[in-house]
Engineer: 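To start, I am sharing the structure in question, which I have written as structure tokens.
Counting starts at 1 for both ligands and their atoms, following the listed order. The analysis underlying the following values was restricted to heavy atoms, covering all of them including side chains, and did not include hydrogens, waters or symmetry mates. All residue numbers in this chain count up from 1 along the given sequence.
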Amino acid sequence: MKYVNEFRDGGVAQGLARAIASEVRPDRRYNFMEFCGGHTHAISRYGVPDLLPPNVRMIHGPGCPVCVLPIGRIDLAIRLALDNGVILCTYADTMRVPASDGLSLMRAKARGGDIRMVYAVTDALKIARDHPDREVVFFAIGFETTTPPTAVAIKLARDQGLSNFSVLCCHVLTPSAIMNILESPEVRDLGTVPLDGFIGPAHVSTVIGSRPYAFFAEEYRKPVVIAGFEPLDVMQAILMLVRQVNEGRAVVENEFTRAVTEQGNEKAQDLVSEVFESRRSFEWRGLGEVPYSALRIREGFAAFDAERRYGLAYRPVPDNKACDCGAILRGVKGPTDCKLFGTVCTPENPMGSCMVSSEGACAAHYTYGRYKDAPALEAGA
Ligand code: SF4
């Protein structure tokens, strides 16, 4: 397959592995966070850790959209389906995330909720058009990549007079999450999450561009290399990060030049800012309340805002105490540190959000057998 197989070439990967091994200094450790769940998935799937020297460690970040959704937000969606009788439309992975009272969207569907899996927000618009007598709510989750299509759908609904369509907006923002990680006590004060640099998101960066990461490189002295989701992209990005660390540089570099520019997709950015505005605060699983880290629908499109339309009030719900998703999303723990991993908690029977989506760290480790010989994280390693 053109433009995919070239980025999965084993021989080239071995060459990059040799280059990394020859450039790492034996007297130091290199700890890099891959922010995105897509990178976490690629790293597990293609065995990237097996190609790295032992003193280069990858730390999973909070960039899996399903994983960071807190229980309270899923509860809101469930209540809309069960109590308000709406047709609730959402992406597949969201259906299986455990919520309060032993429920999930899947289980709420089994209890009679009209909850439908869709591939795109346009499917939800079609359902609204086909059922003018029913209220249809799209449960919108995800980072900057999935936000522009939601903005387009809201504008289409307005233009087409689809008054039975609304959106439960849970779109979140990448730079705020990176800032939260850098400001966390584990990174700043305790040193339990040593961070030498970031692999920057691929798809998110096609929308927001490389510019927003400059602040982290300049202010926090953390190198950022934006990388694609193929294994050679990741290996190349690690080599670029190792070089920056060795040379004492901290800048934003773009490995994913085939898709990411400095300014990003300005048309998509304009659309998003026309329809959405920043929320003062939003709860993330693992990170807690993060200021200005999510979007809400602007007053001008209030008719399409499910939170306003149904008078929804957010109620935070604590995570299952036995589940370590919160610590994993902050980079404090790895999947194999959780006592439930692979025993009580599996992709077929997820106890936490990180075991649901293929981008979740627990699911990625389990699916590709990365836990079998993985050592537990050493604190401060
Ligand atoms: S293995 Fe399951 S219970 Fe443990 S942290 Fe991962 S998702 Fe949560």
Engineer: Does Arg28 count as lying over the ring of Tyr30, i.e. NZ or CZ under 6.0 Å from the six-ring centre, within 45 degrees of the axis?
Structural biologist: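 Arg28 over Tyr30 ring: yes.
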Engineer: Are Arg73 and Tyr314 in a cation-pi contact, defined as NZ or CZ under 6.0 Å from the six-membered ring centre and within 45° of the axis?
Structural biologist: yes
Engineer: Would you please say whether a donor-acceptor pair under 3.5 Å links the side chains of Glu144 and Thr174?
Structural biologist: yes
Engineer: In terms of heavy-atom contacts, does CZ of Arg111 have more than 12 from other residues, nucleotides or ligands at under 6.0 Å?
Structural biologist: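 Check fails, neighbour count at 12 or below.
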Engineer: Under 3.5 Å, is there a donor on one side chain and an acceptor on the other for Arg279 and Tyr292?
Structural biologist: no
Engineer: Tell me whether Asp75 is salt-bridged to Arg79, with the criterion being a basic N under 4.0 Å from an acidic carboxylate O.
Structural biologist: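 Salt bridge absent between Asp75 and Arg79.
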Engineer: Using a distance threshold of 2.8 Å, what protein N/O/S atoms lie below it relative to atom 6 (Fe) of ligand 1?
Structural biologist: Cys362 SG
